[in-house]
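Throughout, residue positions are numbered sequentially from 1 according to the sequence presented. Please read these numbers as outputs of a predicted model, since none were measured by experiment.
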Amino acid sequence: MAKVPRSFRLLSELEHGEKGIGDGSCSYGLKDSDDIAMYEWNGTILGPPHSAYENRIFSLSIFCGDNYPDLPPLVKFESKITLPCVDQQGFVNFARIPSIAQWKRDFTLETVLVELRRDMASPSNRKTPQPPEGTDFPPADLEIIAKQRRL
């Protein structure tokens with residue numbers, strides 16, 4: 001089977017994200033519509049009901065490097081959150097999310113956001129005390145970090 005080029009794949013994901021296909025609990029789109037290389041994205045996750053995250057909107061920054069989708073994107077929560085797969089700077093550690101720990105080329109930005117939300121709703125995380133609403137992680141340059149991590 002032929003491998004779809006990065007740019008075609010990301011255009012498809014952009015179209016999917018703009019149409020709001022899915023259950024509406026997660027959304028994503030380009031950070032800057034002039035970013036023709038489609039590196040920087042914004043994501044949003046609505047906190048799952050009946051959890052410590054309920055009624056909260058979590059903002060994320062996503063960087064799709066030159067090797068995406070062969071390698072995962074770099075994902076950072078901007079909104080402060082306490083979740084085992086998120087480090088002190090807000091970066092997501094995919095190895096700590098069993099469903100996407102072994103990255104596959106078929107996974108999409110939507111897959112990542114939906115799985116993060118599912119992790120929030122899991123029995124082991126749903127009652128985890130959260131930082132005050134409106135607090136953010138410190139800013140970071142995702143492009144530099146992605147290059148350091150060779151993504």
Problem set entry | Worked verdict on Tyr39 versus Asp66 for side-chain hydrogen bond (donor to acceptor under 3.5 Å, both in side chains) | CA-CA 8 Å; Tyr39 287 119; Asp66 291 328; 2.5 Å; yes
Exercise. Do Phe63 and Trp41 have ring centroids that are under 6.0 Å from one another?
Worked result: no
Problem set entry | N/O donor-acceptor pair under 3.5 Å between Arg56 side chain and Ile45 backbone | no
Exercise. Does a side-chain heavy-atom distance below 4.5 Å link Phe94 with Gln102?
Worked result: no
Seminar exercise, completed: Per side-chain contact (heavy atoms from CB on, under 4.5 Å), Leu116 is matched among Leu60, Thr111, Ile100 by Leu60
Problem set entry | Short side-chain donor-acceptor distance under 3.5 Å, Glu13 and Thr108 | no
For this session: Taking all heavy atoms of Ala140 and all of Lys76, pick out the closest pair and write down the distance.
Result: CB-CE, 3.9 Å
For this session: Taking the side chain as every heavy atom from C-beta outward, state whether Ile81 and Met120 have any atom pair closer than 4.5 Å.
Result: yes
Seminar exercise, completed: On a heavy-atom basis, the closest approach of Ala37 and Leu10 is O-CD1, 4.4 Å
Problem set entry | Donor-acceptor under 3.5 Å (Trp103 side chain, Pro69 main chain) | yes
For this session: Quick one: closest heavy-atom pair of Arg6 and Cys64, and the distance?
Result: NH2-O, 2.7 Å
Problem set entry | Side-chain (Asn67) to main-chain (Asp70) donor-acceptor, under 3.5 angstrom | no
Exercise. Linking I/L/V/M/F/W/Y whenever any side-chain heavy atoms sit under 4.5 Å apart, do Phe91 and Val112 land together?
Worked result: no
Exercise. Between the side chain of Asn42 and the main-chain N/O of Gly29, is any donor-acceptor distance below 3.5 Å?
Worked result: no
For this session: Could you walk me through whether Lys80 and Asp136 pass salt bridge (Lys or Arg N to Asp or Glu O under 4.0 Å), step by step?
Result: CA-CA 5 Å; Lys80 212 161 211 184; Asp136 292 333; over 6 Å; no
Exercise. Okay, side chain of Asp35, backbone of Glu40: is any donor-acceptor separation there less than 3.5 Å?
Worked result: yes
For this session: For the pair Glu18 and Tyr28, evaluate side-chain hydrogen bond (donor to acceptor under 3.5 Å, both in side chains) and give the outcome as yes or no after the intermediate values.
Result: CA-CA 8 Å; Glu18 286 177 342; Tyr28 58 95; over 6 Å; no
For this session: Evaluate the side chain to side chain contact (heavy atoms under 4.5 Å, CB included) criterion for residues Phe58 and Leu83: first the C-alpha distance (whole Å), next the side-chain angles of each, then the deciding distance (0.1 Å), finally the verdict.
Result: CA-CA 12 Å; Phe58 295 91; Leu83 197 60; over 6 Å; no
Exercise. What about Tyr68 and Val92, same hydrophobic cluster or not, with Ile/Leu/Val/Met/Phe/Trp/Tyr joined at side-chain heavy-atom distances under 4.5 Å?
Worked result: yes
Exercise. Looking only at atom types and distance, does a side-chain atom of Gln130 sit under 3.5 Å from a main-chain N or O of Thr82, one as donor and one as acceptor?
Worked result: yes
Problem set entry | Side chain Ser25, main chain Leu46, donor-acceptor under 3.5 Å | no
For this session: Taking Arg126 for its side chain and Pro48 for its backbone only, find out whether a donor-acceptor pair lies under 3.5 Å.
Result: no
For this session: Check the pair Ser7 / Met38 against side chain to side chain contact (heavy atoms under 4.5 Å, CB included), numbers first and verdict last.
Result: CA-CA 8 Å; Ser7 57; Met38 296 179 279; 4.3 Å; yes
Exercise. For atom CG of Leu11, is the number of surrounding heavy atoms from other residues, nucleotides or ligands below 6.0 Å larger than 12?
Worked result: yes
For this session: Indicate, with yes or no, if Ile145 and Val75 share a hydrophobic cluster defined by side-chain heavy-atom contacts under 4.5 Å among Ile, Leu, Val, Met, Phe, Trp and Tyr.
Result: no
